[in-house]
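Read the structure below first, then the notes.
Just follow the structure's listing: the first ligand is 1, and inside any ligand the first atom is 1. Only this structure's heavy atoms are used, side chains among them; waters, hydrogens and symmetry mates stay out.
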Amino acid sequence: MSAFENAMKQLEEAASAVGEQDVEILKEPKRTLQVSFPVRMDDGSIKIFRGYRVQYNLARGPAKGGIRFHPKVDLDEVKALAFWMAVKNAVIDIPYGGGKGGVEADVKKLSEAEKERISREFIKAIKDFIGPKKDIPAPDVYTDSKVMGWMLDEYEKLTGEHSPGVITGKPLSLGGSKGRAFSTALGGVYLLEAAAKELTPGKKAAIQGFGNAGSNVAGFLSERGYKIVAASDSKGGVYTKQGLDVSALIEHKKKTGSVINFRNAENITNEELLECETDILIPAALENQVTKENAPRIKASVISELANGPITPEADKILEKRGIIVIPDVLFNAGGVAVSYFEWVQNNTGLYWKEQEVLDRLKEKMSQAFAEVLDASKKHKLSLRKAAFALAIKRIIEAERDRGNIK
Ligand code: GLU
């Protein structure tokens, strides 16, 4: 099944679990833009790149969600990711709809200058579609604050105005927010803390993916006394029962380009990581990692989705039957967009907050969202994912009704 088919399955299951009937409006994105644009490569040749921006739902506010660069990006995936953003933004109750963008590009094969030209050309191609009150991009897989800086600059050059609120996850010098660089990971950690009483997950964690979210969550958890028994990236993973020295591992990846071949640890594959001996499994890479094939072999008692869409609906069912608790992406990784929202508020007001204020507000958002989702899950006897989706769908549909878009 495709990512979007999976997303629609989740929608239907949650809607039927709570008897919500008016969900037709959520089965199609509101707006979809596909663009292609030429970019001059370093060797002088011209290459055509394809990109997408999807505004899934706009009832609760402007579209909001990241832009990823990945060779396998396609419209189906971006639609799924945009839908999940609409759900996520409603779960944590921030005044946004959902959106997402992507460019089919293999960052590992690009020079810095080529990456910059792709970023700028993509913005040229979508500039009328986005805006601080229309659709607000941010970083995602293989994009970061540097890319956001180029994109903001291009947008402002094209429009002739300063508009820091058009994009979040920017460098601090351009109106970025303190805390945004690590807020996806820290939001997840705050959530685990809020959930600790309910879920008592244990202190061993395995992390698939060692990008911004994965490496930061490894750092925060090990500072808090968790043992990171395994970590991986696109080249493979490492495992040690004793727990990895996370700061040394981060250094090792910086030097060698990967976590593999780390001293005192055994090399494992990404598949082995998912099935390793651990209390908490944290997928922090891409979609469709836990499937009906490997779900029966997962040993973790809690899976916290730092990636978007890492568990297929079929795998979800198997995990639920096996009593494995899944903290869903739309809740667990919402700290990224929560601080994006704070960044946008700061841009709109022109008043910039201290880091502690950002972190206090993030903590409050995450614990409030967890409490509401937990409450819904107990009330309707649903998994956390279904409860989170049900809560979000209710909020979105309410906004659509209040607008008179559905009666
Ligand atoms: N890309 C992140 C996500 O998937 C953050 C989006 C944002 O900050 O708008 O939630």
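Residue Asn333 has no nitrogen or oxygen atom sitting less than 3.5 Å from a nitrogen or oxygen atom of ligand 1, judged on distance alone. Checking only distances, Pro139 does come within under 3.5 Å of ligand 1, N or O to N or O.
Between Asp329 and Arg385 a salt bridge is recorded (basic side-chain N to carboxylate O distance below 4.0 Å). In this structure, Asp375 does not pair ionically with Lys379, as no charged nitrogen and carboxylate oxygen lie closer than 4.0 Å.
Between Phe182 and Phe220, the ring center distance clears the sub-6.0 Å criterion. The ring of Trp344 has its center closer than 6.0 angstrom to the ring center of Tyr96.
Asp279 and Ser301 share no side-chain donor-acceptor pair at under 3.5 Å. A donor and an acceptor atom, one from each side chain of Tyr341 and Lys365, are nowhere located under 3.5 Å apart. Judged purely by distance below 3.5 Å, without hydrogens or angles, the side chains of Asn6 and Thr312 never pair a donor atom with an acceptor atom. A donor-acceptor contact closer than 3.5 angstrom links the side chains of Tyr52 and Glu104.
Scanning the protein heavy atoms around atom 5 (C) of ligand 1, the nearest turns out to be Arg180 NH2, 3.5 Å. Taking atom 6 (C) of ligand 1 as the reference point, the nearest protein heavy-atom neighbour is Gly66 N, 3.7 Å. Given atom 9 (O) of ligand 1, the protein heavy atom at minimum distance is Lys64 NZ, 2.8 Å.
In the vicinity of Lys88, heavy-atom distances shorter than 4.0 Å reach the ligand 1 atoms 3 (C), 4 (O), 10 (O). Residue Ser340 has at least one heavy-atom neighbour below 4.0 Å for each of these atoms of ligand 1: 7 (C), 8 (O), 9 (O). Set against the non-hydrogen atoms of Asp140, the atoms of ligand 1 under 4.0 Å away are 1 (N), 2 (C), 4 (O). Those atoms of ligand 1 that come under 4.0 Å of a heavy atom in Ala138, given as number and element, are 7 (C), 8 (O), 9 (O). Close approach to Gly65 involves these atoms of ligand 1, each under 4.0 Å from a residue heavy atom: 9 (O). Ligand-side atoms of ligand 1 in range of Met85: 3 (C), 4 (O), 6 (C), 10 (O), range being under 4.0 angstrom from any heavy atom.
A cation-pi contact, defined as under 6.0 Å to the ring centre and within 45° of the axis, links Arg361 to Trp353.
Residue Leu81 does not touch ligand 1, judged by heavy-atom distances below 4.0 Å. Under 4.0 angstrom from ligand 1, the non-hydrogen atoms of Lys100 all belong to its side chain.
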